[in-house]
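Ligands are counted one by one from 1 in listed order, and the atoms in each one are counted from 1 as well.
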Amino acid sequence: MNEGPKENSPGQTSKKVLVIGGGIAGLTAAWELARLNVDVELVEKGHFLGGHAIQFCCKAADECQKCGACSVEKRLLEVIQEPRIKVHLNAQLQGVNRNGGFSYSLVHRPLHVDPQKCTNCGLCFEKCPAPGAIVRGYSKNNVPLYAIDESRCLYFKDKSCTICQDECPENAISLGQVSEEASGEADAIVVASGFQAFNPVGKPRYGYGINRNVITALELERMLREKGEVVRPSDDTVPQAIAFIQCVGSRDHQLRHGFCSQVCCGYAMRMAEAMYHRHPEVKISIFYMDIQNCGKNFAEFHERCKDHIRFVRFMPGDIFQGEQDQLSLYYGDEQDGRSVKETFDLVVLSVGIMPGLSNPSLAEMLNLDLDEQGFFALANPLDRTSTNDQGIFLAGTAQGPKDIADSMVQAGQAAQQVAEYLGAMACLK
Ligand SMILES: Cc1cc2nc3c(=O)[nH]c(=O)nc-3n(C[C@H](O)[C@H](O)[C@H](O)COP(=O)(O)OP(=O)(O)OC[C@H]3O[C@@H](n4cnc5c(N)ncnc54)[C@H](O)[C@@H]3O)c2cc1C
């Protein structure tokens, strides 16, 4: 990981930008700013950089399906190698003051793993007796690759276990580290704090959390990334019939989430194609209301998918678990409307994009407006990065649902807007 910003050459003004959030939008904003010779402090509240998208699988079938997952890996590597970007992991903003520029305070919670010493051997992960206490990043470019989740670690419960610390051959683990406070100054801020995926427990008819073979698309992404194939959680067998249910937590006025998440049709079709490519015998059905059909060549892609995937325009009702953990879905026949019962081995819920959990607290701290859905509001609809504060800019899904490519484009725009703002500020001084 980087030690921090490079010295500027004599005569060069040193500008510093605080980027909040280390997902693809924050990584891209930070990297583009560094390319403009701006120093960046990148604050990520989680243990690892990469946000949601670093968890996604490559969805290539015969050829690349342009899902964007690999661009996150590449950007992550560029960021960790960029000396102008200083990364703060497991860190959260405590306060921000406007004083011409911005002064801020942070709390760093310890990762307990020294990135300089850790060799990614994974012994701590293997030996740990408490499930989930040692967490592993999704990419080999996550530095360090392992961290300790204090909420699950036995040492932080009753000091009863120090196995990871004792066994680490590099002495890279130190359980005694404590949180530290830090403060800093910035000339501008980019908010790239992302989204939260809809939790389908809020849609009880699908029995998520009760029926073991009902999973979310995020879980499917992780499974395909980690195992390279899809298996049923209940028995680790390859499912022969898979149903995707679209718009789970999107376009749902009962839940007050009336908006389209814009990514679920694309990711479901790409994952279905990737699974078909691996197991052509598997029958895949996608239950939907409408296909979100924008984007370059999307209509053609949809047509191609119809060769292997059945599309059913009906949102199923309750899901029932039967013998051998099979799942029964009821839906209306598209032709005559009669009720049909069909059995599947695995049901995937295409969960949507919800406003980030920390949006309200960040908005209050930064004095920013949220829109009616809870995303950060644009001050000028013609400028996709603008906020009601001239020195603060938006990037990625913090501002509203969008895919990886669009998040990267918007983050690049944010970096340009910051550079213009800093240039204007320099002229004013
Ligand atoms: C199931 C699913 C599958 C998808 N598949 C695809 C796909 O195949 N292709 C595609 O193009 N798009 C896909 N998307 C959309 C994609 O996930 C988003 O476009 C992308 O992740 C947006 O990146 P982001 O940086 O805006 O947000 P995030 O990925 O959410 O990253 C935000 C980061 O900010 C951090 N953060 C949050 N609050 C704070 C805070 N207060 N302080 C510091 N850090 C903070 C978070 O921990 C996180 O690391 C999918 C979405 C879902 C839900």
Side-chain angles (χ1 to χ4, degrees), residues 18-30 41-60 65-72 75-76 87-94 96 104 106-108 137-138 142 189-200 215-222 224-225 244 246 248-250 261-271 273-274 295 348-366 375-376 394-411 414:
L18 175 68
V19 175
I20 305 171
I24 186 59
L27 292 175
T28 303
E41 304 282 327
L42 176 59
V43 178
E44 166 55 51
K45 76 171 180 185
H47 294 110
F48 307 107
L49 289 178
H52 286 91
I54 199 69
Q55 307 169 29
F56 298 164
C57 58
C58 167
K59 301 173 191 73
Q65 297 198 74
K66 301 189 174 60
C67 73
C70 55
S71 49
V72 187
R75 186 49 40 89
L76 174 56
V87 176
H88 303 263
L89 291 175
N90 218 9
Q92 238 169 326
L93 274 179
Q94 295 299 295
V96 177
Y104 59 87
L106 286 177
V107 169
H108 287 106
Y138 286 87
N142 282 129
I189 297 178
V190 177
V191 179
S193 51
F195 71 98
Q196 57 175 319
F198 177 73
N199 181 351
I215 64 171
T216 68
L218 199 54
E219 288 164 336
L220 181 61
E221 289 269 13
R222 290 181 193 136
L224 277 165
R225 183 174 176 116
F244 280 83
Q246 298 303 107
V248 178
S250 307
S261 291
Q262 298 182 29
V263 295
C264 314
C265 291
Y267 75 59
M269 285 192 237
R270 289 190 184 100
M271 279 201 276
E273 281 285 284
V348 182
L349 305 177
S350 293
V351 289
I353 287 183
M354 307 299 303
L357 257 186
S358 53
N359 286 11
S361 57
L362 271 181
E364 196 183 333
M365 200 184 297
L366 299 169
F375 295 100
F376 286 93
L394 302 176
T397 49
Q399 182 268 315
K402 54 183 70 69
D403 65 11
I404 294 171
D406 201 14
S407 297
M408 293 174 80
V409 170
Q410 193 183 21

Practice task
For the pair Gln246 (side chain) and Cys264 (backbone), establish whether a donor and an acceptor sit closer than 3.5 Å, ignoring hydrogens and angles.
Solution key: yes
Practice problem: Tell me, please: is Gly22 in heavy-atom contact with ligand 1, that is, under 4.0 Å? | Solution: yes
of all protein heavy atoms, closest to atom 44 (N) of ligand 1 is Lys45 N, 3.1 Å
Ligand 1 to Ala192, heavy atom cutoff 4.0 Å, flagged ligand atoms 32 (C), 34 (O)
CD of Gln196 to OG1 of Thr397, rounded to nearest 0.5 Å, is 11.0 Å
At under 4.0 Å between heavy atoms, what of Asp403 touches ligand 1? The answer is both
Please output the side-chain donor-acceptor pairs of residues 45-52 that fall under 3.5 Å, not counting sequence neighbours, one pair per line with the distance.
none

At under 4.0 Å between heavy atoms, what of Lys59 touches ligand 1? The answer is side chain
Value for CD1 (Ile189) from CG (Leu366), rounded to nearest 0.5 Å, stands at 5.5 Å
Next on the checklist: Using heavy atoms and a 4.0 Å limit, tell me yes or no: is Ser193 in contact with ligand 1?
Outcome noted: yes
Could you tell me whether some N/O pair between Val351 and ligand 1 is separated by less than 3.5 angstrom? no
Honestly, for Ser261 the part within reach of ligand 1 (heavy atoms, under 4.0 Å) is neither
Here the gap from Leu42 atom CG to Leu27 atom CG, rounded to the nearest 0.5 Å, amounts to 6.0 Å
Item to complete: Return a yes/no value for Leu218: is any of its N or O atoms, backbone included, closer than 3.5 angstrom to an N or O of ligand 1?
Response: no
min-distance protein heavy atom vs atom 19 (O) of ligand 1 -> Lys402 O, 2.7 Å
Min over Leu106, Thr397, Ile54 of heavy-atom distance to atom 26 (O) of ligand 1 lands on Thr397
When rounded to the nearest 0.5 Å, the distance separating CG of Leu220 from CE of Met271 is 4.5 Å
Closest non-hydrogen atoms of Ser407 and Lys402, given as atom of the first, atom of the second and distance, are OG-CG, 3.5 Å
Numbered in order shown, the ligand 1 atoms found under 4.0 Å of a heavy atom of Gly194 are 26 (O), 27 (O), 28 (P), 30 (O), 32 (C)
Among non-hydrogen protein atoms, atom 28 (P) of ligand 1 lies closest to His52 ND1, 3.6 Å
Worksheet item: Just by modelled atom types, is the Ile353 backbone N or O under 3.5 Å from a matching donor or acceptor in the Ser261 side chain?
Response: yes
For atom 2 (C) of ligand 1, the closest protein heavy atom turns out to be Tyr267 CE2, 3.3 Å
Under 4.0 Å between heavy atoms, the region of Leu362 that gets near ligand 1 turns out to be side chain
Rounded to the nearest 0.5 angstrom, the CZ-CZ distance for Arg225 and Arg222 is 11.5 Å
All heavy atoms of Val351 vs all of Ala197, minimum pair found to be CG2-CB, 4.3 Å
Under 4.0 Å from one or more heavy atoms of Val43, ligand 1 contributes atoms 43 (C), 44 (N)
Only one of Val87, Leu18, Val19 passes side-chain contact (heavy atoms from CB on, under 4.5 Å) with Val43, and that residue is Leu18
Separation between SG (Cys70) and CZ (Arg75), nearest 0.5 Å, reads 11.5 Å
For Ser250 and Gly352, the nearest pair of non-hydrogen atoms, with its separation, is OG-CA, 3.4 Å
protein heavy-atom neighbour closest to atom 13 (C) of ligand 1 works out as Phe56 CE1, 3.6 Å
the protein heavy atom lying closest to atom 25 (O) of ligand 1 turns out to be Ala25 N, 3.0 Å
Atoms of ligand 1 under 4.0 Å from any heavy atom of Gly396, numbered from 1 in the order shown, are 26 (O)
Numbered in order shown, the ligand 1 atoms found under 4.0 Å of a heavy atom of Cys67 are 7 (C), 8 (O), 9 (N), 10 (C), 11 (O)
Open item on the list: Could you go through Glu221 and Lys59, starting from their C-alpha distance and side-chain angles, then the distance that decides it, and tell me whether this counts as salt bridge (charged side-chain N to carboxylate O under 4.0 Å, His left out)?
Closed with: CA-CA 9 Å; Glu221 289 269 13; Lys59 301 173 191 73; 3.1 Å; yes
The closest protein heavy-atom partner of atom 21 (O) of ligand 1 is Phe195 CE2, 3.6 Å
Review point. Between Glu221 and ligand 1, does any nitrogen or oxygen pair lie at a separation below 3.5 Å?
Key: yes
Among Gly51, Ala411, Ser358, the residue with a heavy atom nearest to atom 38 (N) of ligand 1 is Ser358
Between the side chains of Gln399 and Gln410, is a donor N or O closer than 3.5 angstrom to an acceptor N or O? yes
Ranked by distance from atom 46 (C) of ligand 1, the top protein heavy atom is Glu44 OE2, 3.5 Å
_Is Ser407 close enough to touch ligand 1? Criterion: a residue heavy atom under 4.0 Å from a ligand atom._
yes
